[in-house]
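None of the values given here were measured: they were computed from a predicted structure. Proteins get letters first, then strands, A, B, ... in listed order; numbering begins at 1 in each. Just so it is clear, the values below take in all heavy atoms, side chains as well, and ignore hydrogens, waters and symmetry mates.
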2 protein chains.
Amino acid sequence: MPTAEPRFDGRRVRGDRTHHAILRRAVDIASVDGLEGLTIGRLAGGLGLSKSGLFAHFGSKEELQLSTAGAAAAIFADEVVAPVAARAEPGLARLVALLDGWCDYLRGDVFAGGCFFIAASAEVDGWPDGPVRDAVAGQMRRWERVLTEYAEDARRRGELAPDIDPAQLAFELDAFGMAMNRAWRLHRDATAFDRGRCAMRSRLERDATPAGRASLAVAA
Amino acid sequence: MPTAEPRFDGRRVRGDRTHHAILRRAVDIASVDGLEGLTIGRLAGGLGLSKSGLFAHFGSKEELQLSTAGAAAAIFADEVVAPVAARAEPGLARLVALLDGWCDYLRGDVFAGGCFFIAASAEVDGWPDGPVRDAVAGQMRRWERVLTEYAEDARRRGELAPDIDPAQLAFELDAFGMAMNRAWRLHRDATAFDRGRCAMRSRLERDATPAGRASLAVAA
DNA sequence: CCTACCGATCGGTAGG
DNA sequence: CCTACCGATCGGTAGG
């Protein structure tokens, strides 16, 4: 019996590093060619691994797709949500910061083929029910919920009008990000970022109270 | 030398019918599994044709993809744009009618997997430049231009404020349709149609002049 | 992690 | 439109 737990031996550490490298590349491939276009052979070849060697990490293509979606979610959370959530203060300024970070992320080509989630949700929305479809749909729900909660916080603080529907506001802000992504990726139209940001700002202004408008002016 | 032109002999007529049937099914498959997921073997099998028999209609997969995109555009034009364009009068009511028709189309499952274009543009936006990417991007541009022109007409008629940017308005209205489609297809959330329509209406109201508001009230 | 292999399917061709 | 075929690649397995 070995004295060290597998978790701490050299092989496991090396294995984790390989696993991480695989998934980072898998997310990039999937962002370009989709979760179905992410093939085991291509992923392995690009990393200098054998197909079966890579396959052993996941056991099935479905598991690879699930792990890839999970890795993308972790990157998005680190890159966009966490830096803003770390700000102590809920409110309209935090919602604006989240939207700003999101726009930067959409422009910044964090993934090789643009936003993994916008691409993946368009891809899997026609798939039959199953773990991958559920995972992607759940990740989008989580994002929509963050937007809604941040809007709800701003409303509760009196920065957005008391009679607004936070979910409706979140729906519209989310829509602007999607449209921004499409114009940028499909038409390579960089003015889309101005259009998207302008749309978000004027939409927020519409629902803002005088106190909220003050917050928006500061954030600008 | 045959006496009749090929265009009028029985084979050609039968061939056209087959061609049409192939493309109608191709659009459905592509709306579910994408233009890459549209395979010649599967398309042929579903129609009771041999692979090579079907292949002879197009000559390459790329040609099949281009023809499929063209067929989808023709269906969309017939179903959504033409009925509204046939109305003589440009103006805000016509823009509202176009948006209404679009929402009905998005809900109506005209294609098996939802809007072919929203799916196709998310798919090809990561492809290298080429005829298929160009064709899909061009079709989206045409739609964006129709929205923009209708908004511009309404502005010229004094129904929308003179200082608005029709392209910005079109961008936002388009965004709401995309978000509607995603919520419906990914989350199977039928309330998305209310959200989308509500977003469109209030967005139009924001830019409308008093004359425009009267048109909106009539259209409601 | 590897080599070597499986049956199925891919886009495409030859020849009729 | 067909049968018969090509090389490449797919997801996955056996065995180490």
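- Atom CD1 in A/I40 sits about 15 Å away from atom P in D/dT9, given to the nearest Å.
- Comparing atom distances between the B/H57 side chain and each of D/dC1, C/dC10, C/dC2 picks out D/dC1 as nearest.
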Based on Watson-Crick and G-U pairs with both distances under 3.5 Å, what dot-bracket line describes DNA chain D 5' to 3', crossing pairs as [ ] and inter-strand pairs as |?
||||||||||||||||
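- Regarding B/E63, its CD atom lies at a distance of 14 Å from the C1' atom of C/dG12, rounded to whole Å.
- In this entry the distance linking CG of B/L43 with P of C/dC10 reads 11 Å, nearest Å.
- Nearest approach of A/S121 to B/R182, heavy atoms of both residues: OG-CD, 3.8 Å.
- Minimum interatomic distance between A/L106 and A/C115 (heavy atoms only, all atoms of both residues): CD2-CB, 3.7 Å.
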side-chain hydrogen bond (donor to acceptor under 3.5 Å, both in side chains) assessment of A/H57 paired with A/E63
CA-CA 9 Å; A/H57 279 268; A/E63 277 302 324; over 6 Å; no
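- Distance from the side chain of B/T39 is smallest for C/dC10 among the nucleotides D/dT13, D/dC1, C/dC10.
- Among all heavy-atom pairs drawn from A/A170 and A/E144, the shortest one is CB-O, 4.3 Å.
- One finds no salt bridge joining B/D134 and B/R141 here, because no Lys/Arg side-chain nitrogen approaches an Asp/Glu carboxylate oxygen to under 4.0 Å.
- Heavy atoms of B/L49 sit under 4.0 angstrom from primed sugar atoms or phosphate atoms, though from no base atom.
- The CD-P distance, from A/E36 to D/dT9, rounds to 18 Å in whole Å.
- Between the CG atom of B/L64 and the P atom of C/dG12 there is a distance of 10 Å, given to the nearest Å.
- Here D/dG12 presents its P atom at 9 Å from CD of A/E62, a figure rounded to the nearest Å.
- Remark: the A/K51 side chain and the D/dG11 base include a donor-acceptor N/O pair separated by less than 3.5 Å.
- Atom-to-atom, CZ of B/R42 to C1' of D/dC10 comes out at 15 Å; the value is rounded to the nearest Å.
- Listed pair B/S52 / D/dT3 fails the phosphate criterion, with no side-chain N or O lying under 4.0 Å from OP1 or OP2.
- Regarding B/K61, its NZ atom lies at a distance of 19 Å from the P atom of D/dA8, rounded to whole Å.
- Looking only at distances, no side-chain donor or acceptor of A/R155 sits under 3.5 Å from a matching main-chain atom of A/P166.
- For B/S60, whose side chain is taken as the heavy atoms from C-beta onward, the closest listed nucleotide among D/dT13, D/dC10, C/dG12 is C/dG12.
- Under a 4.0 Å N-O distance rule, the pair B/R156/B/D153 qualifies as a salt bridge.
- Put simply, B/S50 has no side-chain N or O that comes within less than 4.0 Å of OP1 or OP2 on D/dC1.
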